[in-house]
Amino acid sequence: MNNTNVIKNYGNKMDKIITVEAKPNIAFVKYWGKRDLKLNLPKNSSISMTLSNATLDGEPFKTVTSLVFSDKLNEDEFYLNGKKIDTSNKDEAKGFWIIDYIRNIAGDKRHVMLVSNNSFPTSNGLASSASGLAAMAYATVKALDLDISDKELSTIARMGSGSASRSIYGGIVLWHKGEKEDGSDSYSEPIKISPYWNDLVDLICITNSTKKKVSSTAGMQTTVQTSEFYKMRPDYAEKNIKEIMKALEENNFNSFADIIMKDSNNMHATMIDSKPPIIYINDISRDIINSIEELNKREGKNIAAYTLDAGPNPHIIVKKENIKKVEDAIKDIEGIEKILKVQISETGCRLLGDEESLIKEDGLKLIPK
Ligand code: DP6
């Protein structure tokens with residue numbers, strides 16, 4: 001028996017408790033808009049970096065998920081951050097249907113218990129669907145012993161939440177938009193990068209820790225349906241992908257940062273052009289954007305890049321040696337609750353040992369810890 005699985009034999013059935021870790025990612029060229037709502041097929045390709053499982057200050061920054069398929073369960077059970085989730089509630093149990101999808105492939109009829117905790121520093125309003133759905137897909141595939149490639153796994157995670165397809169891997173990851181209707185060519189893969197990029201850090205500036213008002217899923221739909229300006233976005237994003245790949249290849253931080261900032265601003269412009277306008281940026285995020293623009297101007301080149309997802313918390317992408325300069329540049333901005341410093345992660349989803357399991361067996365019962 002290997003140390004990652006608890007295997008118990010009841011009659012001829014095996015219950016295997018699998019525990020995995022996944023991390024969020026931050027997109028450099030963003031995904032905003034779907035060509036297929038059910039399969040989460042994007043209008044454009046996107047590129048991101050996977051974040052480390054702990055901040056530079058040592059706080060955990062990851063999703064841990066345990067999962068078991070068992071005849072001892074009378075129904076599917078899902079516990080998220082200590083709360084029991086109604087698995088038929090599509091918002092709360094976002095993407096849970098991918099378990100059924102995988103269960104069908106495996107021809108397994110047993111119910112599942114899934115326990116997932118996001119160990120991000122307290123209530124910071126960070127999106128967790130990327131790491132949560134990547135962990136769910138990965139753990140399910142492992143628990144059912146399916147022999148599928150990471151590429152296929154990334155397409156399954158994508159069906160749960162688009163950005164989750166990128167969290168399967170560590171490092172810098174490209175999600176190909178694909179062309180096919182069945183989504184089989186809309187997968188992610190890691191990009192080979194030189195050690196020059198190994199010291200990338202994301203300084204996540206928490207400016208508002210409450211839950212976002214418009215979810216990404218709903219927001220991008222409104223933008224696609226109502227924004228005239230959005231029509232130019234897919235082609236523009238594809239151009240940004242080509243340029244950022246070139247910047248990565250040439251170890252050109254200046255150009256890399258330029259594309260990140262332009263792409264984020266472009267995405268937010270399409271959001272504001274929506275009806276009703278979707279405005280995620282707040283006054284503090286705007287002050288941070290301005291400070292980074294000024295810092296780069298003083299330096300005579302880009303040493304830092306801001307980027308914002310569907311929320312008001314700017315991520316500042318910087319090489320480790322320049323963290324101090326960024327901190328000095330934003331230190332007088334009022335309202336920054338906290339700055340989380342998170343490095344690029346070498347690893348994507350990975351199995352954890354039994355000692356990290358969130359499910360315990362008590363006699364013939366399975367109990368969330
Ligand atoms: C702005 O992946 O959360 O963070 O596919 O509907 O689950 P769904 O959307 P989601 O959207 C992420 C949007 C973004 C940009 C990005 O991460 O690329």
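Atoms within each ligand, like the ligands themselves, are counted from 1 in listed order. Just the heavy atoms: all of them, side chains too, but no hydrogens, waters or symmetry mates, feed the values below. Owing to the predicted nature of the structure, the values given are computational and were not obtained by experimental measurement.
Inclusion of Ser46 in the set of residues having an N or O under 3.5 Å from an N or O of ligand 1 is not warranted. Geometrically, ligand 1 and Lys30 share no nitrogen or oxygen pair separated by less than 3.5 Å. Between Gly162 and ligand 1, a contact under 3.5 Å exists for at least one N or O pair. When only interatomic distances are considered, the shortest N/O to N/O separation between Trp32 and ligand 1 does not fall below 3.5 Å. Where the criterion is an N or O separation shorter than 3.5 Å, residue side chain and backbone included, Asn25 fails it with respect to ligand 1.
Heavy atoms of Ala27 found under 4.0 angstrom from ligand 1 belong exclusively to the side chain. The side chain of Ser216, and not its backbone, has at least one atom closer than 4.0 Å to an atom of ligand 1 (non-hydrogen atoms only; side chain from C-beta on).
Aromatic ring orientation, Phe78 versus Phe96: parallel (interplanar angle below 30°, classes split at 30° and 60°). In this pair, Trp197 and Phe256 present their aromatic rings tilted. The plane angle is within the 30 to 60° band.
Listed by number with element, the atoms of ligand 1 under 4.0 Å from a non-hydrogen atom of Lys94 are 3 (O), 7 (O), 8 (P). If you number the atoms of ligand 1 from 1 as listed, the ones under 4.0 Å from a heavy atom of Ala310 come out as 1 (C). Here is the list of ligand 1 atoms found below 4.0 Å of a heavy atom in Thr217: 6 (O), 7 (O), 8 (P). Heavy-atom contacts of Ser129 reach the following atoms of ligand 1: 3 (O) (cutoff under 4.0 Å). Against a heavy-atom cut-off of under 4.0 Å, Ser163 is close to the following atoms of ligand 1: 2 (O), 3 (O), 10 (P), 17 (O). Contact atoms of ligand 1 toward Asn40: 5 (O) (distance under 4.0 Å to a heavy atom of the residue). Residue contact check: Asp309 has heavy atoms under 4.0 Å from atoms 1 (C), 4 (O), 14 (C), 15 (C) of ligand 1.
In the candidate list Gln221, Lys34, Met220, Lys34 is nearest to atom 6 (O) of ligand 1, counting heavy atoms. The nearest non-hydrogen atom to atom 16 (C) of ligand 1, considering only Arg166, Met267, Met271, comes from Arg166.
Panel note: side chain Arg103, backbone Arg110; a donor-acceptor pair is recorded below 3.5 Å.
Under 3.5 Å, the side chains of Ser116 and Thr65 contain a donor-acceptor pair of N or O atoms. Counted by atom type alone, Thr87 and Asp76 present zero donor-acceptor pairs between their side chains at under 3.5 Å.
With a 6.0 Å radius and a threshold of 12 heavy atoms from other residues, nucleotides or ligands, Glu249 has its CD atom at or below the threshold.
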When you look at Phe69 and His111, which way does the ring-ring contact (aromatic ring centres under 6.0 Å, His included) test go after all the steps? CA-CA 6 Å; Phe69 288 90; His111 287 295; 9.8 Å; no

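The ring pair (Phe, Tyr, Trp, His ring centres under 6.0 Å) check on Tyr31 picks up Trp175, with sequence neighbours excluded.
Cation-pi geometry between Lys38 and Trp97 is met: under 6.0 angstrom from the ring centre, within 45 degrees of the axis.
Using a cutoff of 4.0 Å between basic side-chain nitrogens and carboxylate oxygens, Lys23 and Glu21 are scored as salt-bridged.
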